[in-house]
Amino acid sequence: MSWKDTYQKWNEFQGLDQTLRAELDSLAGNDKELEDAFYTPMEFGTAGMRGVLGVGINRMNIYTVRQATEGLARFMDQLDAVTRQRGVAISYDSRHGSREFAYDSARVLGAHGIPTYIFESLRPTPELSFTIRHLNTYAGIMVTASHNPKQYNGYKIYGEDGAQMPPKESDLITKYIRSVDDLFMIKLADQEELLTNNLMTIIGDEVDRAYLDHVKTVTIDHDLVAQEGKQMKLIFTPLHGTGAKIGSQALREAGFEEFTMVPEQAQPDGDFSTVAKPNPEDPAAFDMAIALGKKEGADLLIAIDPDADRLGAAVRQPNGDYQLLTGNQIAALLLDYILAAKQRQNTLPANAAVVKSIVSSEFATAIADHYGAKMINVLTGFKFIAEQIKEYEQTQNHTFEFGFEESFGYLIKPFVRDKDAVQSTVMLAEVAAYYKHQGMNLYDGLQALFSKYGYFAEKTISHVLAGVEGPAKIAAIMADFRANAPAAFAGVAVAAVEDFASGEKKYADGHVEMMTLPKANVLKYLLADGSWIAVRPSGTEPKIKFYIGAQDNTAAGVHAKRQSFEKAITEFLNK
């Protein structure tokens, strides 16, 4: 069926949602916009689906969400009765449409006789991951677009271990989704009947309490927090999202009483009215926190994204200004403190393991090596970190101590199987308390780590290539890198190239090794000086990403290298 046929079907449907009908009517005659909305179904992968809100099969709306949930329901219909009756936990964030998408999902599952446990109001993604394990449901649904701008929403499916659904099950669900021929004929059960028949259970405070009790266990040095937590000044902002209630309560219960929440950003707001992007990676997201921090003389600023799975931070410098930390720097501060504190308490296991993505900094590797912890590299996507945790539980070969991705996602303790900004907020506050106890702040602490382990500087460059032509352009860039592999970047020779699509690691001298990680469309160039560069298409957005990991013995040297590598990538793209 062509996009015009699909558009015509939607246009002729008399029962179309009124808001979507108005949008569709406004697009009449605009073939470019209509083609983009109707030329292909939203991609559904191991990270679920994410896209712009609007009308059409390539947009987030009630019909595409119902279709995705119908696919999950049909998949679960093939399971045994006991497994099916474990049901599905559902949560959602503050975005436009999120609550409706969540409750429609429960009604679709209910029409199949599948029980759901749905939060009475918005809750963080990590709490949804915890809830699956806490209630022993078979699956979970999180309605969120994480840190994307207000025009977006998304839908993630989680497996019974609390991690995002693994590829095997996700591929099967995708087939069932594509088997739904008519998006407008998906059956919705009556919500009141579901409640009466115990096929829908509203959850809230009891699960919050259980989750927060587990968050309490994240604190390592209770005496330190008791001594410094009451006087350390901290600014916290949930950026209009799910983290206000849970995040602030977790801080208070940990013993950090002098934190202040940015009042203008404390209330849920699908328009994210005080920020262009509700993304803690974006410096502008800290503008209000910085202003408040200067007013109160705060030691640390913490921002978490709308679904509370990513955390960003800024630290006060000697001149009173605030320096934003990168995701890799935050990870280094967290990791060094966790391993050192446990070593001091003689609680660091001999088989300690740290897990990071292949595009994250080797700064953390140097730290792990120092404390005798094993560093494990996995593909990008926190589900791969969760897979390692599950393996460690089964084999007892390693004990999970910390996991992270450079994109501001960290996990301290595995009662959650996704990145968790609530845990990370509590732990980063403890790290700040540790340095404060020594007359330092996190900026000083970071400089001390550089002096100890060497200098590392990273940069992620994202090229957005949206629209119908976007996927082809991204594929062409990847093909060009493979066909015309650079022998050097900014004069630094490539020592080896790891092609995760072929599984081959090719050295400059010609010999080849096979890698053990799963196949993925990623290229990573290992340079002769210990630096590296990687390129991969985004799994959730129409982007191609370039990652730079520079390494040097001095601060000036590492920043010069990073800038040179960035220039070399730009030149390669523009040749």
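Computed over heavy atoms, backbone and side chain alike; hydrogens, waters and symmetry mates excluded.
Pro486 is linked by a side chain to side chain contact (heavy atoms under 4.5 Å, CB included) to Phe481, Phe489, Tyr525, Phe572, counting only residues two or more places apart in sequence or in another chain. Legend: residues meeting salt bridge (Lys or Arg N to Asp or Glu O under 4.0 Å) with Lys459, ordered by chain and number and at least two apart, are Glu566. Take Asp171 and apply the salt bridge (Lys or Arg N to Asp or Glu O under 4.0 Å) test, not counting sequence neighbours, and it matches no residue. Residues satisfying the salt bridge (Lys or Arg N to Asp or Glu O under 4.0 Å) criterion with Asp208, sequence neighbours excluded, are Arg123, Lys245. Applying the side chain to side chain contact (heavy atoms under 4.5 Å, CB included) criterion to Arg482, with sequence neighbours excluded, gives Met478, Asp499, Ala501, Asn521, Leu523. Listed by chain and residue number, nothing satisfies the salt bridge (Lys or Arg N to Asp or Glu O under 4.0 Å) test with Lys545 (two or more places apart in sequence, or in another chain).
Put simply, the side chain of Phe402 does not reach to within 4.5 Å of the side chain of Leu339, judged on heavy atoms. For the pair Ile203/Phe119, a side-chain contact is recorded, criterion being any heavy-atom separation below 4.5 Å from C-beta on. Counting heavy atoms from C-beta outward, Phe130 and Val215 have side chains that stay 4.5 Å or more apart. Here the side chains of Tyr435 and Tyr337 are not in contact, with every heavy-atom distance at 4.5 Å or above. The closest side-chain heavy-atom distance from Phe408 to Ser424 is not below 4.5 Å. At least one side-chain heavy atom of Ile141 sits less than 4.5 Å from a side-chain heavy atom of Val143. Between Ile157 and Gln164 there is no side-chain heavy-atom pair separated by less than 4.5 Å. Annotation: side chain of Glu401 is in contact with side chain of Pro349 (closest heavy-atom distance under 4.5 Å).
Proximity of a side-chain donor or acceptor of Lys561 to a complementary backbone N or O of Gln551 within less than 3.5 Å is detected. At least one donor-acceptor pair closer than 3.5 Å links the side chain of Arg310 to the backbone N or O of Ser407. Distance alone, capped at 3.5 Å, places no donor-acceptor pair between the Glu127 side chain and the Pro124 backbone. Checking side-chain atoms of Ser360 against main-chain N and O of Glu406 turns up a donor-acceptor pair under 3.5 Å. The closest donor-acceptor contact from the side chain of Asp369 to the backbone of Ala366 lies at 3.5 Å or more, if one exists at all. At least one donor-acceptor pair closer than 3.5 Å links the side chain of Asp299 to the backbone N or O of Lys233. Side chain of Thr219 to backbone of His222: no donor-acceptor contact under 3.5 angstrom is found. No donor-acceptor pair closer than 3.5 Å links the side chain of Ser129 to the backbone N or O of Thr125. Without hydrogens or angle criteria, Gln423 side chain to Lys413 main chain gives a donor-acceptor distance under 3.5 Å. Remark: side-chain polar atoms of Glu430 are paired, donor with acceptor, to backbone N or O of Asp221 under 3.5 angstrom.
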Determine, step by step, whether Phe500 and Ile358 satisfy the side chain to side chain contact (heavy atoms under 4.5 Å, CB included) criterion, reporting the C-alpha distance in whole Å, the side-chain angles of both residues, the deciding distance to 0.1 Å, and the verdict.
-> CA-CA 10 Å; Phe500 291 86; Ile358 57 174; 3.7 Å; yes

Could you give me the CA-CA distance, side-chain angles and deciding distance for Ser146 and Tyr152, then say whether side chain to side chain contact (heavy atoms under 4.5 Å, CB included) is met?
-> CA-CA 9 Å; Ser146 190; Tyr152 285 77; over 6 Å; no

For the pair Phe456 and Glu362, evaluate side chain to side chain contact (heavy atoms under 4.5 Å, CB included) and give the outcome as yes or no after the intermediate values.
-> CA-CA 8 Å; Phe456 300 81; Glu362 294 304 312; 4.2 Å; yes

Any chance you could lay out the side chain to side chain contact (heavy atoms under 4.5 Å, CB included) test for Glu206 and His134, step after step, and finish with the verdict?
-> CA-CA 11 Å; Glu206 181 274 330; His134 178 65; 3.0 Å; yes

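Few gaps surround NZ on Lys342; more than 12 heavy atoms of other groups in view lie less than 6.0 Å from it. The number of heavy atoms from other shown groups lying within 6.0 Å of NZ (Lys452) is above 12.
For the pair Arg417 and Glu393, the salt-bridge criterion is met [side-chain N within less than 4.0 Å of a carboxylate O]. Residues Arg316 and Glu296 are not paired through a salt bridge, judged by the lack of any N-O separation under 4.0 Å between the basic side chain and the carboxylate.
Thr242 and Asp93 share no side-chain donor-acceptor pair at under 3.5 Å. In this structure, a donor-acceptor pair under 3.5 Å is present between the side chains of Asp529 and Ser531.
Ring planes of Tyr410 and Phe404: parallel class, angle under 30° (limits at 30 and 60°). Ring geometry for Tyr453 versus His370: interplanar angle over 60°, hence perpendicular rather than tilted (30 to 60°).
Tyr455 approaches Val558 most closely through the heavy-atom pair O-CG2, 3.5 Å. For the residue pair Ile220 and Ile338, the shortest heavy atom distance occurs at CD1-CA, 4.0 Å. Ala250 approaches Val422 most closely through the heavy-atom pair CB-CG1, 3.8 Å. Nearest heavy-atom pair across Leu324 and Pro283 is CD2-CA, 3.3 Å. Annotation for Lys543 and Ser462: closest pair CD-CB, 4.0 Å, computed over non-hydrogen atoms. Shown here for Asp307 and Thr144, the closest heavy-atom pair between the two residues is CB-OG1, 3.3 Å.
Tested against Lys356, the residues Leu335, Val378, Thr365, Ile385 include a single side-chain contact (heavy atoms from CB on, under 4.5 Å) partner, Thr365.
Remark: aromatic rings of Tyr443 and Tyr322 are distant, center separation not under 6.0 Å. Aromatic pair His463/Phe546: ring centres closer than 6.0 Å.
Here the straight-line distance linking atom CG of Leu301 with atom CZ of Phe259 works out to 14.0 Å at 0.5 Å rounding. In this structure, CE on Met515 lies 5.0 Å from CD on Glu498, to the nearest 0.5 angstrom. For the atom pair Leu292 CG and Gln265 CD, the distance stands at 9.5 Å (nearest 0.5 Å). Between Ser538 atom OG and Arg50 atom CZ the span is 7.5 Å, to the nearest 0.5 Å. Between atom NZ of residue Lys436 and atom CG of residue Asp444 there is a gap of 11.0 Å, rounded to the nearest 0.5 Å. Distance check, rounded to the nearest 0.5 Å: CD1 of Ile290 to OG1 of Thr237 gives 11.5 Å.
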